[in-house]
Asker: 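Before I ask anything, here is the structure I am working with.
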Amino acid sequence: MSTLDMSQEYTSAEMMTVTAARALENGMTCFVGIGLPSEAANLARLTHAPGVVLIYESGTLQTKPDVLPLSIGDGELCESALTTVSVPEMFRYWLQGGKVNVGFLGTAQIDRFANLNTTLIGDYQAPKVRLPGGGGAPEIATNAGEVFITLKHSKRAFVKDVDFVTTLGFGRDGKGRDGVPNIGKGPTRVITDLCVMKPDPETKELTVVSLHPGVSREDVTEATGWEIRFADELESTPLPAEHELRILRDLKNRTERQHAGE
Amino acid sequence: MSTLDMSQEYTSAEMMTVTAARALENGMTCFVGIGLPSEAANLARLTHAPGVVLIYESGTLQTKPDVLPLSIGDGELCESALTTVSVPEMFRYWLQGGKVNVGFLGTAQIDRFANLNTTLIGDYQAPKVRLPGGGGAPEIATNAGEVFITLKHSKRAFVKDVDFVTTLGFGRDGKGRDGVPNIGKGPTRVITDLCVMKPDPETKELTVVSLHPGVSREDVTEATGWEIRFADELESTPLPAEHELRILRDLKNRTERQHAGE
Amino acid sequence: MAEFLSLHDAIAQYVEDGATVAMEGFTHLIPFAAGHEVIRQRKQDLTLIRMTPDLIYDQLIGAGCAKKVIFSWGGNPGVGSLHRLRDAVEKGWPRHIDILEHSHAAMACAFEAGAAGLPLAVLRGYVGSELPSVNDQIKFIECPFTGERLAAVPSIRPDVSVVHAQKADRAGNVLVEGIVGVQKEAVLAATRSIVTVEEIVDDLDAHPNACVIPGWAIDAVAVVEKGALPSYTHGYYPRNNRFYKEWDAIARDRDVFSRWIDENVMNQREDA
Amino acid sequence: MAEFLSLHDAIAQYVEDGATVAMEGFTHLIPFAAGHEVIRQRKQDLTLIRMTPDLIYDQLIGAGCAKKVIFSWGGNPGVGSLHRLRDAVEKGWPRHIDILEHSHAAMACAFEAGAAGLPLAVLRGYVGSELPSVNDQIKFIECPFTGERLAAVPSIRPDVSVVHAQKADRAGNVLVEGIVGVQKEAVLAATRSIVTVEEIVDDLDAHPNACVIPGWAIDAVAVVEKGALPSYTHGYYPRNNRFYKEWDAIARDRDVFSRWIDENVMNQREDA
């Protein structure tokens, strides 16, 4: 892997996607959410992890799209899949049946215990902003072996307590998975455009374990809605490699061209 | 339909099959048991009811075998089916889902309330004869709209009380379906080589409604293990038509030839 | 037994005001033409069921056909909000609608249970989610063998389900291919069903385990070419992703939306 | 991730004495060759699960491999009894076996629930049947929405499942076609799985919704030509109905049976 020529520019969004992609490995079976997770998962597949198995909730098993899908059920996903099953089968046999190692999710809001809110801002009966809702996330987060989360860092997104727990991280007190049988480990890493966070092994509170190059502790603190903690041994996230950026950009260009047509 | 030349001979087994076949009509969806029911159902399809839909528990939907299957899952059934679904889907969506009008069953033992025993003769823990067991019958009998039963008449088969209720007719007291929600009407006719029986509308006790040509009341009484009752207006079963016999014999010859080969 | 009807007659005959309606198709094969016909016939007070309301229900809601929506993910996929759904929920325009909200897993299982003739679906779901606090149709049961606590939701059994598919043969048997979603389940779970298809053929030419819905399990089949646009039909035409993006601007504004419906739905004949 | 093994090694590695084993295939694709290898390796005390024990379990039972059989229909299809099953149940030869007996619907649902990772299956079943009086694994629950009484059975989750299929590609992805039975469910429900196939191909050449089991959901793939005989493989060879009829006479007599096993199983190499 060639190291990056530092004169080459990359965006913080690219840094996020490349870092998220690196979390996936060959041999993992990954249930992929649309948007950022899908971008990262396909980048992984096109770079270091050609053997990662990607599953989308539309029923497409082991799919290898050449362009990123706009929706979770684009034709590309089916055409490049090993096979396509019904949606009930997808959720019953493949997700709930324990065949998924990693659920890869985005979210609108996340709190310090990695609970996710994609339901609404404000009060349920009189919402300030109505968000799309749970979709596959509530059961992906509990039935997958572990969960990776990726989203852009901001004070609006990273809140101390989510307005609504659509999807379990570790519960409002960090103990939401304690003693619950037959569920996964939950979120094991959160990848943003500033840093990588992991839950504290004891308290389950999200803790920064790695800062992206050029990002300061203050940048992260500033963009987080609670007093974010940092690991004692804080790492520096490795730079994107040149080929990762090239492949990511090619992928996004191909995608944009295709979505612009009918 | 040409009437039969009475000089032509037919067996009582043929009389049974033809009469059983006539119970099916175009537009009915019939879940077919192997053996006598399968023979009758396919005869119906090849004669007066080309539009009868035959379903076998192997998952073959709307199948049109050219020869009778030996097993419930012969290749012929799949090759001539509209489509073939998994066995769980067959029992869940098609049978339990209420898509089957008629369940067509055979049995080893039947009692006066049309309960069926295909489990064993004697005591469960120390059986005199171990029979194959329930198979699809217990749920066919309750989830199909109604049930037709066909078997050879004998005192061993027609007993006052079955040794074991594998499959519900109307229960040991005739009230087994009273107040049970979401199940079918149960057995509506029993076709043997001697006669046709229907459950009494009140007591549900099987009652002879039609005697086959040349069969006397005494013949039926003699072959039945309880004091069998006869309808006030006892009918005479219509004779087999020439073309019914011809088509049945052709079918059985084709079948025999095929099963004799590898 | 499937009857071949015009789309107009199929909707007129089977979709009654106040009915519970599932128009399914998971991104693929969304029955847009049928949805537009429902709008043209000014159906009222419908309870609309779909895992992903998508543009089809955004249009029906904005046109005032719905009194309630049962769903599990209510966005414009890859684009953003369903503005008509949000306007109805947040501001009551053009009328107040109730929502009942599930997860995908629960709705998929509820369709499966509906097709299976059961009153409930059981799943390992909603663990730690607050959705059960706002949806009283989510209950929990205890497994009699292991003691495990599992979620239970009522099965979905619509008055009428509408789906789109590739083709039907002359007996009304329908082939669905590609991303099959919960379409088969929706049809089998419903009291009545309408299937729109791209074409009628002599022979479905399907492989042994294809997703074929027999004609006798369907009430009406209507031929509607391009009946899924701007969604797509595998083997026929691709998804119009550009329109999905354009919809965002159309649906943001009540007037722009109303004009769009007038021009593109109300003023069109079903076969246009 | 599927590993390509010889049949001998696959059975040796994954089928342990005392294991719970499902060798499935609904009439079609019964994994006879694998069953014979289990007999050759003299596995003991197996709990054998199959909807229809068929000749394959008649042979395993007669050879003394089984301590318990879980089944729903134990006959020789279209022929009569399974005499070795009956001899074991009625007379304890060659050893006493326990039986646990279900209906097809319950076993099919239990395989489905096993594949779905659930501890139980719920069905509208066993109404009025006396099977619940002799099978304490059949319980009843009340629907929390309707109050309806429904049957519940434990899901089936074998230690190891063995199925036969048409073909695998070089990554171990397997295509099953025709009467697919509960094979996919059996594989997904099991802790370990072995699939025997007729051949390995470069490309499965499967349609979009074919029944394909990914290699990463399988432990071992073994190539065994004619691995389903006297059962059949759709697209490869027909069922040997004549042998099914002949089996009746072979299995009726302990000595004839034992000789048949010696000559046709014990003295054969796996690839014979």
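These numbers come from a predicted model, not from an experiment. Per chain, numbering begins at 1; letters A, B, ... match sequence-line order.
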Asker: Flag the pair A:Phe164 / C:Val134 as yes when at least one side-chain heavy-atom distance between them is below 4.5 Å, and no otherwise.
Answerer: yes
Asker: Could you check whether atom NZ of A:Lys155 has more than 12 heavy atoms from other residues, nucleotides or ligands sitting under 6.0 Å from it?
Answerer: yes
Asker: Which pair of heavy atoms, one from A:Glu139 and one from C:Gly125, lies closest together, and at what distance?
Answerer: OE2-CA, 3.2 Å
Asker: So, the side chain of C:Ser129 versus the backbone of A:Thr166: is there a donor-acceptor pair under 3.5 Å, distance only?
Answerer: yes
Asker: Any side-chain heavy atom of A:Cys78 sitting closer than 4.5 Å to one from C:His234?
Answerer: yes
Asker: Go through the atoms of A:Thr60 and report whether side chain, backbone, both or neither lie under 4.5 Å from a heavy atom of chain C.
Answerer: side chain
Asker: Check A:Leu70 against C:Lys245 and note the closest heavy-atom contact, atom names and distance.
Answerer: CD1-CE, 4.0 Å
Asker: Taking atom CZ of A:Arg254 as the centre, report whether more than 12 heavy atoms of other residues, nucleotides or ligands fall under 6.0 Å from it.
Answerer: yes
Asker: Any non-hydrogen side-chain atom of C:Val127 less than 4.5 Å from a side-chain atom of A:Arg177?
Answerer: no
Asker: Given a strict heavy-atom distance threshold of 4.5 Å, which part of C:Leu123 is in contact with chain A: side chain, backbone, both, or neither?
Answerer: both
Asker: Among C:Glu112, C:Arg149, C:Gln183, C:Glu148, which residue forms the greatest number of heavy-atom pairs with chain A at distances under 4.5 Å?
Answerer: C:Glu148
Asker: Looking at chain A, which one of C:Leu131, C:Val79, C:Thr233 has the largest number of heavy-atom pairs inside 4.5 Å, strictly under?
Answerer: C:Leu131
Asker: Would you find more than 12 non-hydrogen atoms of other residues, nucleotides or ligands less than 6.0 Å from A:Glu146 atom CD?
Answerer: yes
Asker: Is it the side chain or the backbone of A:Val85 that comes within 4.5 Å of chain C heavy atoms, both, or neither?
Answerer: backbone
Asker: At a 4.5 Å cut-off on heavy atoms, which part of A:Val180 comes close to chain C: side chain, backbone, both, or neither?
Answerer: side chain
Asker: Counting N and O atoms only, with roles assigned by atom type, does the side chain of C:Glu90 sit under 3.5 Å from a partner on the main chain of A:Pro127, one being a donor and the other an acceptor?
Answerer: no
Asker: Under a 4.5 Å heavy-atom cut-off, does chain C meet the side chain of A:Asn115, its backbone, both or neither?
Answerer: neither
Asker: Specify the closest pair of heavy atoms between C:Thr27 and A:Ser71, including all atoms of both residues, with the distance to one decimal.
Answerer: CG2-OG, 2.7 Å
Asker: For chain A, which candidate among C:Gly80, C:Pro53, C:Pro77, C:Ser231 shows the most heavy-atom pairs at distances under 4.5 Å?
Answerer: C:Pro77
Asker: Sort by residue number and list every residue of residues 86-97 of chain A having at least one heavy atom under 4.5 Å from chain C.
Answerer: A:Ser86, A:Val87, A:Pro88, A:Phe91, A:Arg92, A:Gln96
Asker: Taking every heavy-atom pair that is under 4.5 Å apart, which of A:Gly176, A:Gly136, A:Pro138 has the most such pairs with chain C?
Answerer: A:Gly136
Asker: Using non-hydrogen atoms only, which part of C:Met51 is less than 4.5 Å away from chain A: side chain, backbone, both, or neither?
Answerer: side chain
Asker: If you take all heavy atoms of C:Arg86 and A:Val129, which pair is closest and at what distance?
Answerer: NH2-CG1, 3.3 Å
Asker: Contact part of A:Asn143 toward chain C, heavy-atom cut-off under 4.5 Å: side chain, backbone, both or neither?
Answerer: side chain
Asker: Quick one: pull up NE2 in A:His259 and CG in C:Asn240 and give me the separation to the nearest 0.5 Å.
Answerer: 11.5 Å
Asker: Between A:Leu77, A:Ile183, A:Asp74, A:Ile140, which residue shows the highest count of heavy-atom pairs closer than 4.5 Å to chain C?
Answerer: A:Asp74
Asker: Just wondering, more than 12 heavy atoms not from A:Lys252 lying within 6.0 Å of its NZ?
Answerer: no
Asker: Between C:Lys184 and chain A, which part of the residue has a heavy atom less than 4.5 Å away: side chain, backbone, both or neither?
Answerer: neither
Asker: Please rank C:Ala106, C:Gly74, C:Gly78 by heavy-atom pairs under 4.5 Å with chain A and give me the top one.
Answerer: C:Gly74
Asker: Which region of C:Tyr232, side chain (C-beta onward) or backbone (N, CA, C, O), has a non-hydrogen atom less than 4.5 Å from a non-hydrogen atom of chain A, or is it both or neither?
Answerer: side chain
Asker: Only heavy atoms, only distances under 4.5 angstrom. Which residues in residues 91-105 of chain C are near chain A?
Answerer: C:Ile99, C:Glu101, C:Ser103, C:His104, C:Ala105
Asker: Keeping the roles fixed (side chain from C:Asn241, backbone from A:Gln258), state whether a donor-acceptor pair exists under 3.5 Å.
Answerer: no
Asker: Out of A:Gly73, A:Gly135, A:Gly134, return the one with the most heavy atom pairs under 4.5 angstrom to chain C.
Answerer: A:Gly135
Asker: Does any backbone or side-chain atom of C:Phe243 lie under 4.5 Å from a heavy atom of chain A? Answer side chain, backbone, both or neither.
Answerer: neither
Asker: Please identify, among A:Gly169, A:Gly171, A:Gly133, A:Pro181, the residue contributing the most non-hydrogen atom pairs under 4.5 Å to chain C.
Answerer: A:Gly133
Asker: Measure the shortest side-chain to side-chain distance between C:Phe26 and A:Glu57 over non-hydrogen atoms and say whether it is less than 4.5 angstrom.
Answerer: yes
